[in-house]
Structures are given as structure tokens and as C-alpha cells.
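See below for the structure under consideration.
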Number of protein chains: 2
Amino acid sequence: MELNERKLKILQAIIKDYLTTAEPVGSRTISKNYNLGISPATIRNEMSDLEELGFIVQPHTSAGRIPSDKAYRLYVDTMLELQKAEFGKLVYLDQLLKSTGRIENLLKEIARLLAQETHYTTFVTTPQYRRAKVKNLQLIDLEEGKLLVVVVTDTNHIKNRTIRVDSRYDQTVLNRLSFQLNEQLYNLSLEEIGKERIESVKQATGEDQIVGKILDALFEIIHEVDDMDIYTSGTTNILHYPEFADLDKASALMRSIEERDVFKDILNTTFDLEDGKVKISIGDENELPDLKACSLITTSYHIHGERVGAIGIIGPKRMDYYNTVYSLRCLIKNMDELLNRL
Amino acid sequence: MELNERKLKILQAIIKDYLTTAEPVGSRTISKNYNLGISPATIRNEMSDLEELGFIVQPHTSAGRIPSDKAYRLYVDTMLELQKAEFGKLVYLDQLLKSTGRIENLLKEIARLLAQETHYTTFVTTPQYRRAKVKNLQLIDLEEGKLLVVVVTDTNHIKNRTIRVDSRYDQTVLNRLSFQLNEQLYNLSLEEIGKERIESVKQATGEDQIVGKILDALFEIIHEVDDMDIYTSGTTNILHYPEFADLDKASALMRSIEERDVFKDILNTTFDLEDGKVKISIGDENELPDLKACSLITTSYHIHGERVGAIGIIGPKRMDYYNTVYSLRCLIKNMDELLNRL
DNA sequence: AGTTAGCACTCGACGCGAGCGAGTGCTAAC
DNA sequence: GTTAGCACTCGCTCGCGTCGAGTGCTAACT
């Protein structure tokens with residue numbers, strides 16, 4: 001059995017109807033409202049096939065059908081035509097810039113506006129300059145069993161961390177070690193220092209136990225998200241989605257968002273995204289259990305051409321993908337321009 | 001009719017019971033569980049009196065009684081004995097300090113821990129240095145009906161705001177006015193410029209309509225909270241209070257908190273608090289409609305002896321005042337010490 | 001005069017069953 | 001291959017009776 005054109009049209013109709021009503025869709029509804037020229041009985045037969053193919057599911061016997069994750073994926077991949085959209089200028093962003101000088105407030109406001117427009121939950125991270133380069137790395141003897149690792153970047157950000165080691169190392173030994181590591185890492189940007197690079201430096205420096213520990217700490221320092229804030233808005237909208245009528249579910253999701261647990265996964269994948277790409281991840285495609293009833297639309301924003309931050313929308317799987325993606329794209333275009341002017 | 005000792009005991013019993021069960025309290029319950037040595041019938045008579053006195057209310061006929069705001073106020077003022085409490089050292093705060101260098105993260109964590117301990121919603125503001133002094137004040141003619149007020153402090157913070165006026169003022173007139181106002185306000189710290197000071201300057205400058213407007217704007221500029229962040233935690237706890245079972249109420253309150261509307265009132269009164277004082281404001285005592293079903297416990301924290309930030313707890317009127325106030329006091333003591341060490 | 005037992009009454013909460021209606025799958029005819 | 005017809009399923013709503021917690025009132029008791 002294959003997905004012929006009529007099945008596709010019916011599926012499309014089901015999705016479209018379900019997106020607006022949030023109610024299971026029956027054969028009669030489709031026959032009446034989407035003139036495909038076929039009777040409810042025929043549609044029923046096709047729907048039975050679509051269910052077998054895994055595109056729709058029945059919440060219970062004698063209910064209509066609702067789209068599955070697979071259907072949403074198909075919808076997003078093939079039925080959403082966004083390529084040729086034109087994006088207007090958002091004048092309110094300019095006004096925003098005038099009313100506040102701090103970029104933090106600007107980002108907060110952007111999250112707020114996006115939430116207001118889409119009625120979903122939104123988030124924006126503060127910018128992360130991952131192209132900053134290592135200028136200096138220094139190891140400092142603190143006390144028996146403790147070392148301090150300090151990294152200074154060419155943007156004069158200072159990051160440090162204490163690590164535990166088994167024995168005491170003399171400062172002259174540490175200085176030599178610092179020098180070696182500096183040679184290996186100098187002028188590398190933070191994003192270039194990935195897991196592989198760390199491993200290769202380990203090899204090059206001779207696989208010493210302490211060097212291993214230092215490099216692991218270094219990796220963490222560089223990639224720590226401690227100084228990144230995430231601004232959210234519209235979390236209370238979750239309470240109004242019919243799929244979160246169950247208070248426990250809603251509360252679990254809201255707590256995950258409040259505690260920032262949600263973002264651990266999201267941000268990694270977003271920063272790996274190629275420029276200008278909007279990523280949609282639907283239901284079960286999300287790692288976090290609380291997000292399995294949600295869809296996520298994420299993208300990145302730029303300052304001086306550098307991809308520095310993430311912005312995204314969390315909504316029910318039944319969300320209005322078309323308009324939401326449109327809004328996000330339009331916002332990003334205006335936002336990138338705005339941030340370049342800062 | 002007066003509030004004799006027996007009535008007081010019954011009221012106390014009602015409050016105590018209601019705080020734990022969140023259910024209206026009946027006469028039989030009190031007779032059985034709090035051995036006051038009187039029968040339900042007698043208690044009913046007394047309760048009838050207590051209702052007439054405004055200390056308890058009946059949600060509907062044939063239901064038990066619940067304490068009114070007035071009762072909570074009495075309870076908090078006279079029945080809560082907190083004076084002689086000893087506060088232990090919170091070791092986890094020290095650990096917190098070690099794990100993060102930034103004060104922002106420290107404050108976020110403090111809000112989180114307090115929410116976790118109390119199961120209510122908490123907030124902490126970032127520090128505000130209000131002892132900065134006025135260095136210069138300038139009025140600038142913008143256009144017909146619009147003036148710009150600029151204040152510069154000795155810490156080189158610049159604050160400004162446009163205000164609307166009825167007619168146009170020549171810049172030379174504005175300069176003279178600026179000079180006059182500067183004379184009055186120069187070298188005053190921001191916290192010294194309170195409502196009373198503003199009033200007295202109004203008098204001294206001759207009660208002109210425009211001067212009034214300028215001074216009002218000035219007051220707002222000085223006390224505006226634009227560069228202040230407010231960290232909240234535990235907002236989802238609201239969903240579990242029985243008094244917010246109504247989703248619309250819960251969602252309205254959570255939105256108010258998310259949008260920071262709640263804090264406009266709260267913060268003004270908190271910063272006016274004398275040092276070390278914990279303020280409790282119950283139900284209708286709160287300005288904001290969404291807070292009328294809540295109680296608020298707020299106090300301030302200090303850095304180098306200066307009162308710089310607010311911290312507080314938002315819970316249902318039925319909250320556990322005793323333990324919550326205790327937790328807050330204990331936290332503040334440790335927090336002030338910790339912040340001094342920074 | 002204050003206290004208490006007794007009693008009728010109120011009213012929300014809960015559970016149950018009938019009825020409704022949206023929707024299905026199957027069958028037989030077109 | 002399509003469709004009309006039909007029996008069947010099942011969640012939802014609504015009304016109704018019951019239950020029980022709680023009250024106020026009255027009359028009797030101390």
C-alpha cells in the first residue's frame with residue numbers, strides 16, 4: 001500500500017482541520033468541508049489505510065482521527081511552502097531599540113513580543129562569543145591536591161576553575177606545562193576546541209594523568225554555559241493548550257522550562273545548525289520526556305555575521321507551523337539587522 | 001461584643017486547622033481536636049460572634065468557617081512568636097558561593113533554594129546602589145509639548161525620561177529651572193529623594209504646574225527599575241495551591257509574575273522598609289488584584305551595610321507564616337554575611 | 001445566665017444511569 | 001471502485017437521588 005495523491009489530500013485535510021480545532025477529525029467533516037468529491041464512506045476506507053500506514057491515530061473507537069508525529073513530519077517537510085516568503089520590516093523592533101540601551105532588555109523584549117504574537121512559549125539566549133580565541137592559559141598551584149586553571153581570551157574574558165589532582169606539583173613544573181599547553185592551543189577559537197582537539201592535544205603532550213585532567217577541565221570551562229542567560233516568555237500560555245489540560249503535565253513542562261532543564265538538549269543542537277536554517281523538532285523527536293507532547297522551532301541569531309545566540313518557540317505538536325515559522329524567520333531577519341547596528 | 005480569651009482560642013484553632021487542611025473548619029472538628037473543654041454547640045455560638053466581628057467567613061451555608069484577612073492579620077501580629085528564634089548557619093550557601101563566581105547566579109540559586117524549601121514562589125532582585133548621588137540635572141526642550149529630563153549621578157549613571165507639558169518652554173527658561181532644581185537636589189543620594197523631599201522641593205520652587213510634573217517624573221526616573229533584574233523561582237508551585245484550582249486565576253497570577261507586573265508595587269514598599277524588618281502583607285492589603293488571594297513576605301538584603309536588594313515570597317493567604325518567615329530570616333542572615341565577603 | 005443535646009434544614013459532593021451524538025466498520029448494491 | 005445504509009461503540013452531558021458535614025434554633029439542664 002502506498003501513499004497516493006488522494007490519501008495525501010485526505011491527510012492534509014485531517015492535519016489542517018486538527019490544527020485549527022484540536023478535535024479528532026471524522027470522515028463526514030472532511031467530506032463536507034474540503035470538497036474532494038468523495039463520500040464519507042470512501043474517506044473512511046482511506047483513513048483506515050492511513051492509520052495502517054501510521055499517519056493517523058484514533059484516540060478511542062468511535063472517535064475521529066488525529067495526526068501522528070509521522071504525519072506532522074511529512075506536513076512540515078513537504079506541505080509547508082515557506083521558501084519564497086517575503087519578510088517585511090518590523091518597525092516595533094526599531095522602537096524597542098530606542099527605548100532601551102541594554103542588549104539584555106532588548107532580548108527580553110524580543111522574547112516577549114514573539115510570545116505575544118504566536119501565543120506560544122518562547123526563549124532567547126544571551127549571545128555567546130565562541131569565536132573568541134585563547135590568548136593565554138595558566139596553571140596555578142593552590143594547595144595540596146588543588147590546581148587553578150585560568151584561560152584568558154582575546155576578548156579579555158577570563159574563565160577559571162579549580163581542579164583536584166592526586167599529588168602536589170611545583171609551580172615551575174606547572175609553568176612548563178602551561179607553556180606547552182599554550183603552544184598547542186594559542187589562537188584557537190573556543191569553538192575549535194572540541195572533543196577531538198582535546199584528545200589530540202592529550203596525545204601530543206604525552207598522555208599524562210594530570211594533563212588529562214587539566215584538558216578535561218579546560219574543555220568544560222570553555223564550553224560551560226554558566227554565563228549564558230536564557231530569557232523565556234509566555235510560559236503561562238501552556239495552561240491554555242487543550243493537550244495540557246492535565247495539570248500535572250502542564251506543571252511538569254513549566255517546571256522544566258523554569259529550571260532551564262529543557263534547554264540543555266535544545267541549545268546544543270541549535271548552535272550546530274547551519275546559518276539561517278530553522279529547525280523543527282516534533283514530539284518524540286525531542287529527547288526530554290516533558291517535551292514529547294510538544295514541538296520545537298529553533299534557530300540562531302547573529303551579531304557581525306557570527307552565530308552567537310539561539311531563539312526558539314515551544315508549542316503543542318498541533319501548533320500553527322506555517323505562521324509560527326514565518327514569524328520567527330521574519331523576526332530573525334529584522335533582529336540580525338538590528339543587532340548589527342549595535 | 002469583644003474578643004475575649006475563649007473567642008481568641010477558638011479563632012486560633014480555626015486558623016491553625018485551616019492552615020494545614022485548607023478546608024473550612026466546623027465546630028465539631030475544633031471540639032474534638034483542640035481540647036478547649038466546650039461542646040460544638042457552644043463553639044457554634046462563639047463562631048457566630050466571630051463571624052459578626054469579621055474574623056471568619058462562611059463560603060456558603062452549611063459549610064465550616066475560614067479565617068478572613070483580618071484574622072490572618074491578628075494571627076501574624078499577635079500569635080506569631082518569632083522574636084527569640086536562633087538562626088543556624090546554612091552551609092549550602094557557602095558551597096553555592098564556591099560553585100559560582102557571579103553574584104547573579106548566586107542570587108538565582110538563592111531564589112531557587114528558598115522556593116524549594118518553602119514550596120512557594122520566591123523572588124530576588126539584583127542589587128541597586130541607591131546611595132549614588134545626584135550630580136547634575138538638566139531639562140531639554142524637545143518639541144511642542146515635550147520635555148526631556150536628564151539626571152546624572154556621581155557614579156555616572158545617566159537616567160532620562162520625556163514628559164508631556166501643556167505649553168512650550170524656552171530653553172533659557174528651562175536652563176534657569178534646571179539650575180534651581182540642581183541647587184535643591186545636588187549631592188542628595190537617590191534614596192534621600194523620597195516623596196516628602198519631592199514635596200518640599202515643590203514648595204521651595206514655588207508650586208508651578210510644570211515644576212510639579214518635572215519633579216514627579218524625576219521621582220519616577222530615580223526609582224525606576226529598568227536596570228534591575230528580578231529572579232523568580234517556584235512559580236509552578238502556584239498550580240498546586242487549592243485556592244488556585246481555578247486555572248484562570250492561577251494563570252493570571254503567573255502571568256503577572258512572569259511579566260513582572262507584580263513587582264512594581266512590592267518593591268517600592270520593600271525598599272522603604274527599615275533594616276532587618278520582614279514585611280507581611282495579606283490578601284486585600286496588596287494593591288494588585290491578582291495578589292488579593294495571596295500573602296507576601298518581603299525583606300531586604302545588604303551589601304556592606306547598604307540595603308541594596310529585595311527578596312520575598314509569594315504564597316496563598318493560607319501559607320505557613322511561621323516557618324516561612326523563619327526560613328526567610330535565617331536565609332537573610334546568612335546571605336548578608338555571604339555578600340559581605342564578596 | 002451560660003452551656004449543651006437534639007433536631008430540622010441547607011447545600012455541595014458524589015455516583016449512577018439514561019440519552020445523545022459523533023464516528024466507525026461492515027455489507028450489499030450501484 | 002464507490003457509496004448508501006445500518007448496527008454498534010463510546011465518550012460526554014445532564015438530571016436525580018443520596019450522603020454527610022455543618023449550621024442555627026429551641027428547649028432543657030446546671
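Each chain gets a letter, A, B and so on, in the order the sequences are listed, and its residues count up from 1. Small disclaimer: the values here were computed from a predicted structure and weren't measured.
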Legend entry - SB check B/R6 B/E46 (cutoff 4.0 Å): yes
Legend entry - Residues A/E243 and A/K317 bridged, charged N to O under 4.0 Å: no
Identify the heavy atoms of [X] and [Y] that sit nearest to each other, and give their distance.
X: A/L11; Y: A/A71; value: CD1-CB, 4.1 Å
X: A/L253; Y: A/C294; value: CD2-SG, 3.6 Å
X: A/Y241; Y: A/T121; value: OH-N, 3.6 Å
X: A/D284; Y: A/D69; value: N-OD2, 2.9 Å

Inset, instruction - Go along nucleotides 7-19 of chain D 5' to 3' and tag each nucleotide: B for a protein heavy atom under 4.0 Å from its base, S when only backbone or sugar atoms are that close, - otherwise. - result: --BBS--------
Legend entry - Stepwise salt bridge (charged side-chain N to carboxylate O under 4.0 Å, His left out) check, B/E259 with A/R112: CA-CA 9 Å; B/E259 303 271 342; A/R112 213 179 64 80; 3.4 Å; yes
Starting from [atom2] on [N], measure out to [atom1] on [X] and report it in whole angstrom.
X: A/R28; N: D/dT3; atom1: CZ; atom2: P; answer: 15 Å
X: B/I30; N: C/dT4; atom1: CD1; atom2: P; answer: 14 Å
X: B/R44; N: D/dA27; atom1: CZ; atom2: C1'; answer: 14 Å
X: A/L36; N: D/dT3; atom1: CG; atom2: C1'; answer: 15 Å
X: A/D17; N: C/dA22; atom1: CG; atom2: C1'; answer: 14 Å
X: A/I56; N: C/dG23; atom1: CD1; atom2: C1'; answer: 13 Å
X: B/E23; N: D/dG22; atom1: CD; atom2: C1'; answer: 13 Å
X: B/I66; N: D/dT23; atom1: CD1; atom2: P; answer: 13 Å

Legend entry - Any A/T29 side-chain N or O less than 4.0 Å from OP1/OP2 of C/dA22: no
Legend entry - A/R65 side-chain N/O to C/dG23 phosphate OP1/OP2 under 4.0 Å: no
Legend entry - Any donor-acceptor pair under 3.5 Å from A/R318 side chain to A/L19 backbone: yes
Inset, instruction - Without swapping roles, check the side chain of B/D290 against the backbone of B/S256 for a donor-acceptor pair under 3.5 Å. - result: no
Inset, instruction - Mind checking the OH-CE spacing from A/Y321 to A/M79? Nearest 0.5 Å is all I need. - result: 12.5 Å
N/O to N/O distances under 3.5 Å, protein versus nucleotides 1-3 of chain C:
unit_1: C/dT3; atom_1: OP1; unit_2: B/R6; atom_2: NH1; d: 2.8
unit_1: C/dT3; atom_1: OP2; unit_2: B/R6; atom_2: NH2; d: 3.0

Inset, instruction - Would you mind telling me which of A/I15, A/V25, A/I30 makes a side chain to side chain contact (heavy atoms under 4.5 Å, CB included) with A/I10? - result: A/I30
Legend entry - Secondary-structure notation, DNA chain C, from Watson-Crick and G-U pairs under 3.5 angstrom (| other strand): ||||||||||||||||||||||||||||||
